[in-house]
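One structure below.
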Amino acid sequence: MRSLGLRELNISVDDFHMVFLRKFSGLNNAIDAVRAALDLGLTVVVGTVKVVGSEITTAHLREVFKDVEDKVFFQEDFATPIDRAAVLRPLVPRYKLSEIKGGCPHVGTLSVHPDGSVAICCGHAAMPNTDYGRFFVIGNVINEDLRTIINRFYRNAFAWYLFARGGPQSLLAKLNPDEEIANICEACYLLVTRYRDSLVKLSLRKKELFKALLSNGGDIGDLL
Ligand code: SF4
């Protein structure tokens, strides 16, 4: 096995992946991968997505990997209940929109997808292979250079709003303050699905949106 110049192995281990891992010797598969990566000097991140009542949690995995626990980074989060994972909604904590503060720090972490699409972020809702995810796409590296796409990103009023003005949850609150979400990516998902028409209307008023963004306290309520 060669590292091919990679510095990090990010491996997902949770109840959802166990369905597949069980076909290939279960957790032993993950244990072997982690040990081999550590032997190669890679940084290893073990990511776990959970719901209420999950068997595999980071606490459980710290036991499984206890002999190398101090060398492995663990990440754990509740599932984002969007798209086919929407059935998990009753199994994850939910928050009122007013309980979540601030813009989305991941806007600008441009993601490049297998078909060459570039999205404004790396979030759960920004999946270019879905109808709703296309709303986040700002170009395609197969037929444009990345610099052109990045310049387009800087002129994207929607992206600036998500980043700088209270995030998707504040925009969602303007449309329906009674919505509840598991995290801000679900707010984005609701915006581009349930409230898509309002979002399209807003995106057509780009100049006014930028003006509101640049003026301290400028409200966009009348643009929706
Ligand atoms: S909250 Fe929205 S903008 Fe931020 S990462 Fe999630 S999908 Fe992307």
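For ligands, and for the atoms within them, numbers begin at 1 and follow the listed sequence.
Close contacts of ligand 1 with Cys104, meaning ligand atoms under 4.0 Å from a residue heavy atom, involve 1 (S), 3 (S), 4 (Fe), 5 (S). Below 4.0 Å from some heavy atom of Cys185 lie the following atoms of ligand 1, by number and element: 1 (S), 5 (S), 6 (Fe), 7 (S). Taking a cut-off of under 4.0 Å to the non-hydrogen atoms of His106, the atoms of ligand 1 that pass are 5 (S). Which parts of ligand 1 touch Val107 is read off a 4.0 Å heavy-atom cut-off, strictly below it: atoms 3 (S).
Of the possible donor and acceptor atoms, none in the side chain of Ser117 sits under 3.5 Å from a partner among the backbone N and O of Asn140. No donor-acceptor distance shorter than 3.5 angstrom exists from the side chain of Asp197 to the backbone of Val200, with no hydrogens or angles considered.
The nearest non-hydrogen atom to atom 8 (Fe) of ligand 1, considering only Ala125, Gly123, Cys121, comes from Cys121.
In Ile184, the parts holding a heavy atom less than 4.0 Å from any atom of ligand 1 are both the side chain and the backbone.
Within the coordination shell of atom 2 (Fe) of ligand 1, defined by N, O or S atoms under 2.8 Å, Cys188 is present.
Using bins of under 30°, 30° to 60° and over 60° for the plane-to-plane angle, the ring pair Phe158/Phe135 lands in the perpendicular bin.
Annotation: side chain of Phe74 is not in contact with side chain of Thr48 (no heavy-atom distance under 4.5 Å). Residues Leu171 and Leu199 have side chains in contact (heavy-atom distance under 4.5 Å, counting atoms from C-beta outward).
Between Lys66 and Glu63 there is a salt bridge, since a side-chain N of the basic residue sits under 4.0 Å from a carboxylate O of the acidic one.
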